[in-house]
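All residue numbers in this chain count up from 1 along the given sequence.
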Amino acid sequence: MGQGKGSVRFEAKEWNAGGAIHFYGSRKPRTFIIEVTITTEVRGELLQQAVEKTLQRMPYYASTFVRKKGVYYYADNDLPFVVAESEKPRVVGGETTNYHMLDVTFWKKKISFAMFHGLCDGLGFNRFIEAVLYHYFCLKDGKTYSDEGIWTGKIPYDPAERSDPFEEKTKVDPKELKKLANGEKRFRLPEFANYAGPTMQSMPLRIRTEDFLGWCKSVSASPAAGVSAIMTQAVARECDVQEGVIMSVLPFSLRKFLHAEKTFKNCDSAIFLPVKPADALSMSTGELAARQRTAMKAQMSEEMARLLSSSINMITHLGKKLPFFFLKNKLMAMGENRPQNTFFIDYVGGLKTNDYTDQIAEVRYLNADPAFGSLFVIMNETAGYFYINFTQNFTNDRYYRGFAAILDELGIPCEKLPFASFLNPEVELPPEQR
């Protein structure tokens with residue numbers, strides 16, 4: 001240990017290059033939360049055992065951070081990881097959660113998993129959640145369920161699980177990076193003319209996997225491309241877009257392209273899919289979805305992935321060299337102050353639930369409030385359903401209703417789930433170590 005947090009200190013280990021940008025900004029970051037509702041009351045003592053079994057295999061999820069000269073480093077944290085019965089999520093990173101950057105709480109039939117995005121990305125977080133659910137249901141039911149695709153003790157530890165492909169400095173061609181900006185004027189939803197945050201709205205619906213996948217296959221599209229097309233058309237119908245493009249942004253994992261498949265750390269970038277308003281209104285949904293899929297594949301090549309990673313790499317390595325924290329903060333927070341794009345499609349994969357699928361009642365992903373507002377369509381595929389959650393910091397549900405109307409036109413049944421407002425807690429970041 002070596003980081004001062006009250007009377008507790010932690011020892012700085014490897015630099016957090018991949019997640020560096022999540023620490024900086026004009027305001028504290030907020031947690032990312034995934035709620036899993038099951039069909040029976042949660043048994044807290046078994047959930048605690050399930051978390052402990054998971055951390056025995058993957059102890060790095062119990063990490064905390066150390067800040068030295070304005071730079072954040074991972075630190076091992078062997079303080080107890082305590083599951084709590086709590087109706088509301090807790091603050092991660094501080095004394096309440098023993099300085100862990102993940103937290104697990106439960107209330108009635110709901111298990112809430114909270115994380116600080118600087119620790120890992122959505123795919124990394126899913127790996128932890130899958131293992132906890134697996135161990136929980138095995139303990140609760142007194143059975144050994146199939147652990148296919150789930151990281152349990154059967155999979156030997158590999159140091160690559162803690163690798164950070166952004167830690168090594170790469171060369172960047174400024175001209176190539178400039179091309180990525182494209183230069184299109186991107187349509188901004190009128191609801192963001194006056195930032196209303198930080199309270200968020202959760203507006204979810206779900207579609208049977210077989211129904212949505214069947215349509216996607218019939219039009220030569222993928223689920224993310226399909227949702228992008230439907231949402232683009234919903235915006236075009238609801239808004240009088242006269243110029244520019246409707247821009248959907250899709251975060252995606254770079255693991256495959258950077259040969260870092262096993263890492264739990266942040267390893268992602270984004271795909272940009274511009275659509276002219278006239279095309280959105282004139283093309284069929286299937287045609288647009290197929291075009292979006294083609295555009296996605298063009299941006300998911302190894303060459304493009306390396307270029308995208310280089311842009312992140314350039315910022316983090318330059319920020320690390322800057323002599324003062326306020327300079328690091330100014331550079332690394334650049335994204336916070338730029339207007340966001342029209343909307344985001346965040347497809348965080350799915351949770352593997354194997355033989356206990358029928359015990360999962362609902363999954364809901366709740367992101368932090370974005371700077372200056374944005375609309376996130378967060379989707380995952382779990383237990384036979386695509387859960388699609390509109391998270392936004394305005395109460396207008398017209399895009400949600402427009403999306404559901406297009407599904408109805410396509411003959412794809414959907415179930416509208418209850419709305420909720422939420423405000424995820426701020427993360428407690430470590431002070432400077434002296």
Side-chain angles (χ1 to χ4, degrees), residues 178-193 203 205 207 212 215-252 268-301 304-305 307-308 335 338-347 370 372-379 386 388-392 394 396-410 412 414:
K178 191 174 181 180
K179 291 179 183 177
L180 293 179
N182 295 321
E184 307 105 327
K185 180 177 181 180
R186 300 170 183 182
F187 177 69
R188 183 97 166 122
L189 297 179
E191 284 82 359
F192 300 124
M203 302 177 178
L205 56 81
I207 312 168
F212 193 56
W215 176 77
C216 290
K217 290 178 180 178
S218 72
V219 297
S220 301
S222 65
V227 170
S228 174
I230 295 170
M231 186 59 190
T232 297
Q233 290 188 327
V235 170
R237 291 182 183 185
E238 291 293 331
C239 302
D240 184 19
V241 187
Q242 296 295 325
E243 58 181 353
V245 296
I246 299 171
M247 180 70 80
S248 55
V249 183
L250 285 73
F252 82 109
D268 55 5
S269 188
I271 292 171
F272 295 86
L273 300 177
V275 177
K276 294 179 180 178
D279 290 345
L281 293 171
S282 64
M283 298 177 72
S284 71
T285 310
E287 290 171 337
L288 182 55
R291 195 178 84 171
Q292 296 291 72
R293 174 57 176 159
T294 299
M296 286 175 59
K297 291 177 69 174
Q299 295 187 49
M300 292 175 72
S301 66
M304 179 60 73
L307 182 59
L308 290 168
R338 288 198 306 266
Q340 301 292 338
N341 295 280
T342 313
F343 62 90
F344 287 75
I345 301 291
D346 197 352
Y347 185 17
F372 300 107
S374 192
L375 193 161
F376 275 76
V377 183
I378 308 180
M379 57 185 294
F386 275 97
I388 301 176
N389 191 14
F390 287 61
T391 65
Q392 56 194 53
F394 57 91
N396 189 331
D397 67 348
R398 62 173 174 161
Y399 305 111
Y400 174 89
R401 288 185 285 104
F403 189 97
I406 294 175
L407 287 175
D408 185 58
E409 292 171 13
L410 296 172
I412 303 174
C414 74

Can you list everything that forms a salt bridge (Lys or Arg N to Asp or Glu O under 4.0 Å) with [X]? Sequence neighbours excluded, please.
X	answer
D268	none
R291	D279
E287	none
D397	R401

Heavy-atom check, side chain of [X] versus side chain of [Y], under 4.5 Å:
X	Y	result
L375	F344	no
L205	Y400	yes
I345	M379	yes
R237	I406	yes
I207	I412	yes
Q299	L273	yes

| said: List the residues meeting side chain to side chain contact (heavy atoms under 4.5 Å, CB included) with S301, not counting sequence neighbours, and say none if there are none. | reply: E303, M304
| request: Could you tell me which residues satisfy side chain to side chain contact (heavy atoms under 4.5 Å, CB included) with A270, sequence neighbours excluded, listed by chain and number? | output: V249, F272
Over all heavy atoms of both residues, which pair between [X] and [Y] is shortest? Give the atoms and the distance, please.
X	Y	result
R398	P190	NH2-CG, 3.3 Å
F187	C239	CZ-CB, 3.7 Å
V245	T342	O-OG1, 4.1 Å
V219	G286	CG1-CA, 3.7 Å

| message | Can you tell me how far apart CD1 (I271) and CZ (F252) are? Round to the nearest 0.5 Å. | response | 4.5 Å
| message | For the CG atom of D408 and the SG atom of C414, what is their distance to the nearest 0.5 Å? | response | 7.5 Å
Taking only residues two or more places apart in sequence, or in another chain, which ones meet [X] in a ring-ring contact (aromatic ring centres under 6.0 Å, His included)?
X	result
F403	F390
F386	F212
Y347	none

| said: What verdict does the side-chain contact (heavy atoms from CB on, under 4.5 Å) test give for F343 and Y399, after you've listed the backbone C-alpha separation in whole Å, the side-chain angles of each residue and the deciding distance to 0.1 Å? | reply: CA-CA 11 Å; F343 62 90; Y399 305 111; over 6 Å; no
| query | Would N389 and V377 satisfy side-chain contact (heavy atoms from CB on, under 4.5 Å), going step by step from the backbone distance to the final call? | reply | CA-CA 6 Å; N389 191 14; V377 183; over 6 Å; no
| query | N396: what forms a side-chain hydrogen bond (donor to acceptor under 3.5 Å, both in side chains) with it, not counting sequence neighbours? | reply | E191
Only distances under 3.5 Å count here; give the side-chain donor-acceptor pairs of residues 222-234 to other protein atoms, sequence neighbours excluded, each with its distance to 0.1 Å.
unit_1 : atom_1 : unit_2 : atom_2 : d
S222   : OG     : A225   : N      : 3.3
S228   : OG     : S248   : OG     : 2.9
S228   : OG     : Q292   : NE2    : 3.0
T232   : OG1    : S228   : O      : 2.7
Q233   : OE1    : T285   : OG1    : 2.5
Q233   : NE2    : A280   : O      : 3.2
Q233   : NE2    : M283   : O      : 3.0

| request: Determine yes or no for a side-chain-to-main-chain donor-acceptor pair under 3.5 angstrom, with R188 supplying the side chain and A193 the backbone. | output: no
